[in-house]
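Only one structure is covered here, and it is reproduced in the block below.
Each chain gets a letter, A, B and so on, in the order its sequence line appears, and its residues count up from 1.
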Protein chains: 2
Amino acid sequence: MFKLNKCLILHPIRNNTMSHIELNDKKIQILNVAEKLFSEKGFEGTSIRDISKEAKINIAMVSYYFGSKERLLEALIFHKTVDLKLQLENLLQEDIKPLEKVNKLIEIYINRICLNKGIYRVLHFELYNKKREKSLQAFTELKKGNLKSVESIIKQGQAQGVFRKDVNIQLITPTIIGTFFHFHMNRSFFEELFDLKTEEMFNNYIKNDLTKHIQQTIKALLVYEN
Amino acid sequence: MFKLNKCLILHPIRNNTMSHIELNDKKIQILNVAEKLFSEKGFEGTSIRDISKEAKINIAMVSYYFGSKERLLEALIFHKTVDLKLQLENLLQEDIKPLEKVNKLIEIYINRICLNKGIYRVLHFELYNKKREKSLQAFTELKKGNLKSVESIIKQGQAQGVFRKDVNIQLITPTIIGTFFHFHMNRSFFEELFDLKTEEMFNNYIKNDLTKHIQQTIKALLVYEN
DNA sequence: GTTTAATTTAAACACTTGTTTAATTTTGTT
DNA sequence: AACAAAATTAAACAAGTGTTTAAATTAAAC
């Protein structure tokens with residue numbers, strides 16, 4: 001759309017650290033506001049002016065720190081997805097029953113996405129948008145890793161004879177995350193349906209009822225009971 | 001943003017029929033292009049110029065026929081969601097076993113959303129966007145109706161003693177649609193994972209494997225086997 | 001064939017967009 | 001205190017936005 005007619009110093013460096021790793025207060029502030037607004041209004045629906053107004057900074061600061069709106073999105077994705085991978089790998093090592101592990105997995109997923117509500121909404125939408133593919137490659141890698149973790153947990157259970165073997169392992173994550181997401185995407189519908197008047201009530205419903213439903217569903221699917 | 005300084009004749013009438021019901025060829029053409037582009041690039045990410053270029057019409061025609069971009073979205077939603085309701089109500093009347101009915105329900109859902117891929121993506125995204133609430137009220141009504149259909153099917157099964165009673169009926173739709181949607185939203189990820197090289201292979205995977213997985217999951221959740 | 005209404009058009013409107021500029025202020029180092 | 005680097009600013013940039021206008025074309029009705 002617009003070409004850089006000069007190569008800017010896109011990543012100002014302080015204290016000899018690379019700026020896309022070092023995130024000073026102002027950068028984090030921008031990222032948080034961006035996450036909020038992107039998730040509320042979409043990437044295209046949010047202007048840099050919206051962001052800078054809400055973050056109480058000058059418009060130029062976004063370009064100054066991140067180079068462009070596109071790169072801001074990249075930085076946001078990177079910043080928000082780094083540690084889920086670690087959490088799952090730790091779970092793998094735990095010495096508990098397979099079903100317990102699956103239940104914990106579900107809790108981790110829900111908790112993670114709940115904490116970073118915003119960015120996951122953006123991701124799932126922008127992801128479909130072909131032109132944004134490059135920005136989202138890191139996210140694809142994350143998903144591959146997650147799938148491997150899930151696979152090995154379930155195969156453990158199958159080897160122990162507690163999980164049935166005729167399940168499509170690769171489609172279990174879509175069921176877990178999809179259920180949760182659909183609930184979140186239709187938030188106002190379910191708020192009305194279950195009479196969840198406050199933010200707290202909504203979050204409690206997720207923590208208790210929705211989580212229980214997903215765990216019950218996956219258990220029913222996995223556990224041998226013929 | 002912009003005020004109408006004069007009340008336009010927004011719905012040109014021909015043959016004495018109301019235009020928001022009568023859709024001539026050009027209107028349908030615009031709606032189809034709008035659906036395609038909205039789903040590819042989002043509502044905000046698609047300009048009226050994009051639409052008019054792809055539909056090979058003048059920019060002004062969109063305002064002429066629909067009044068505004070916002071109203072175009074409303075017309076699109078209305079146009080694409082009218083008949084799902086009927087389909088579900090017919091299913092209710094069918095005289096088949098509860099589990100068969102649930103399986104058919106799942107097939108209807110998947111088929112429906114597959115046929116109107118585009119609009120459902122738009123809906124699920126724009127829905128979250130508070131400012132678009134009015135445009136989407138018709139969709140909320142649709143969901144309420146759907147939920148009632150699902151409820152009555154499952155309660156039938158429970159009354160016959162074939163479905164267990166400790167399930168959260170209201171969360172079954174999220175599991176069905178959520179699983180499917182998550183699969184669709186992460187299309188390119190699963191294309192790579194399952195090596196689905198062509199559009200046909202992808203659709204076949206949905207028709208066979210994904211549908212089977214969802215049916216298997218819901219069956220496991222519903223059917224008594226303690 | 002004329003008149004009326006509906007359709008289509010190019011151009012303009014007012015406004016928003018992401019980005020860059022050049023000048024200014026703040027900060028850190030010596 | 002003096003200097004350099006970094007941060008911040010207001011203003012401008014070119015391009016894009018949804019919408020409206022007024023004139024031109026087409027179709028329908030009489």
Side-chain angles (χ1 to χ4, degrees), chain A residues 1-19 22-30 33-34 37-38 41-75 131-132 135, chain B residues 1-19 22-30 33-34 37-38 41-75 131-132 135:
Chain A
M1 203 185 289
F2 303 99
K3 286 172 203 153
L4 285 173
N5 46 4
K6 180 177 139 182
C7 190
L8 277 177
I9 299 158
L10 296 174
H11 293 291
I13 287 163
R14 214 217 277 214
N15 301 334
N16 279 339
T17 53
M18 287 175 64
S19 73
E22 198 237 327
L23 295 169
N24 56 45
D25 292 355
K26 204 133 255 171
K27 272 190 161 187
I28 291 178
Q29 188 193 359
I30 294 173
V33 171
L37 295 185
F38 285 169
K41 323 201 288 175
F43 180 74
E44 315 263 3
T46 305
S47 72
I48 293 191
R49 279 169 184 81
D50 292 338
I51 296 170
S52 55
K53 192 185 250 178
E54 181 115 356
K56 280 162 191 155
I57 50 143
N58 187 276
I59 326 162
M61 292 310 287
V62 172
S63 295
Y64 179 70
Y65 274 130
F66 298 97
S68 70
K69 196 187 172 188
E70 199 74 34
R71 301 257 289 261
L72 169 63
L73 178 62
E74 282 178 53
K131 75 177 175 191
R132 203 91 57 225
S135 308
Chain B
M1 202 185 289
F2 303 100
K3 286 171 202 157
L4 285 174
N5 45 4
K6 180 178 139 180
C7 189
L8 277 177
I9 299 159
L10 295 174
H11 294 291
I13 286 163
R14 215 216 276 215
N15 301 335
N16 280 335
T17 54
M18 286 176 63
S19 74
E22 198 238 328
L23 294 170
N24 58 46
D25 291 355
K26 203 132 256 168
K27 272 189 161 186
I28 290 177
Q29 189 195 358
I30 295 173
V33 171
L37 295 185
F38 285 169
K41 323 202 286 174
F43 180 74
E44 314 264 3
T46 305
S47 73
I48 292 191
R49 280 168 183 81
D50 292 338
I51 295 170
S52 55
K53 192 185 250 176
E54 181 115 355
K56 280 161 191 155
I57 49 146
N58 188 275
I59 326 162
M61 294 308 287
V62 172
S63 294
Y64 179 69
Y65 273 130
F66 299 98
S68 70
K69 194 188 174 188
E70 199 74 33
R71 301 257 289 264
L72 169 63
L73 178 62
E74 282 178 53
K131 77 177 172 190
R132 204 92 53 222
S135 310

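Remark: B:Ile48 pairs with B:Ile59, B:Val62, B:Lys69 by the side-chain contact (heavy atoms from CB on, under 4.5 Å) rule, at least two apart or across chains.
You'll find that the side chain of B:Tyr64 is closest to C:dT7, out of D:dT21, D:dT19, C:dT7. Of the listed nucleotides (C:dT21, D:dG18, C:dT9), C:dT21 has the atom at the smallest distance from the side chain of A:Ala60. When distances run from any side-chain atom of A:Met61 to the nucleotides D:dT19, C:dT8, D:dT8, the shortest one goes to D:dT8. Set against D:dT19, C:dT19, D:dT9, the side chain of A:Ser63 has C:dT19 as its closest nucleotide.
Put simply, NZ on B:Lys26 is 10 Å from P on D:dA27, counting in whole angstrom units. Atom CD1 of A:Ile51 and atom C1' of C:dG18 are 11 Å apart (whole Å). Distance CD1 (A:Ile48) to C1' (D:dG16): 15 Å, rounded to an integer number of Å. If you measure from atom CD of A:Glu70 to atom P of C:dG18, you get 11 Å, rounded to the nearest angstrom. Between the C1' atom of D:dT17 and the CG atom of B:Leu72 lies a distance of 15 Å, rounded to the nearest Å. Atoms CD1 (B:Ile57) and P (C:dT7) sit 13 Å apart, rounded to a whole Å. Across the protein-nucleic acid pair, A:Phe66 atom CZ and C:dT19 atom P stand 13 Å apart, rounded to whole Å. Whole-Å rounding puts the B:Ile59 CD1 to D:dT21 C1' distance at 13 Å.
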- Please lay out, stage by stage, how A:Ile51 and A:Phe38 fare under the test side chain to side chain contact (heavy atoms under 4.5 Å, CB included). CA-CA 9 Å; A:Ile51 296 170; A:Phe38 285 169; 4.0 Å; yes
- Task: Mind running side chain to side chain contact (heavy atoms under 4.5 Å, CB included) on B:Glu70 and B:Phe43 for me, showing each step along the way?
- Result: CA-CA 9 Å; B:Glu70 199 74 33; B:Phe43 180 74; 4.1 Å; yes
- Message: Could you go through A:Ile57 and A:Val33, starting from their C-alpha distance and side-chain angles, then the distance that decides it, and tell me whether this counts as side chain to side chain contact (heavy atoms under 4.5 Å, CB included)?
- Response: CA-CA 11 Å; A:Ile57 50 143; A:Val33 171; over 6 Å; no
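Proximity of B:Ser47 to the phosphate of D:dT17: a side-chain N or O atom is located under 4.0 Å from OP1 or OP2. For the OP1/OP2 pair of D:dG18 and a distance below 4.0 Å, the side-chain nitrogens and oxygens of B:Ser68 include no atom meeting the criterion. Distances shown here put every side-chain N or O of A:Asn58 at or beyond 4.0 Å from the OP1 or OP2 atom of D:dA7.
When all heavy atoms of A:Ala34 and A:Leu72 are compared, the pair lying nearest together is CB-CD2, 4.0 Å.
Between the side chain of B:Arg49 and the base of D:dG18 there is at least one donor-acceptor pair of N/O atoms closer than 3.5 Å.
The closest side-chain heavy-atom distance from B:Ile30 to B:Phe66 is below 4.5 Å.
A:Ser52 comes within 4.0 angstrom of no nucleic acid atom, judged by non-hydrogen atoms across all strands.
Taking CD from A:Gln29 and CD from A:Glu54, the interatomic distance works out to 10.0 Å, rounded to the nearest 0.5 Å.
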- Applying the Watson-Crick and G-U criteria (both distances under 3.5 angstrom) with [ ] for crossing and | for other-strand pairs, one obtains for DNA chain D ||.|||||||||||||||||||||||||||
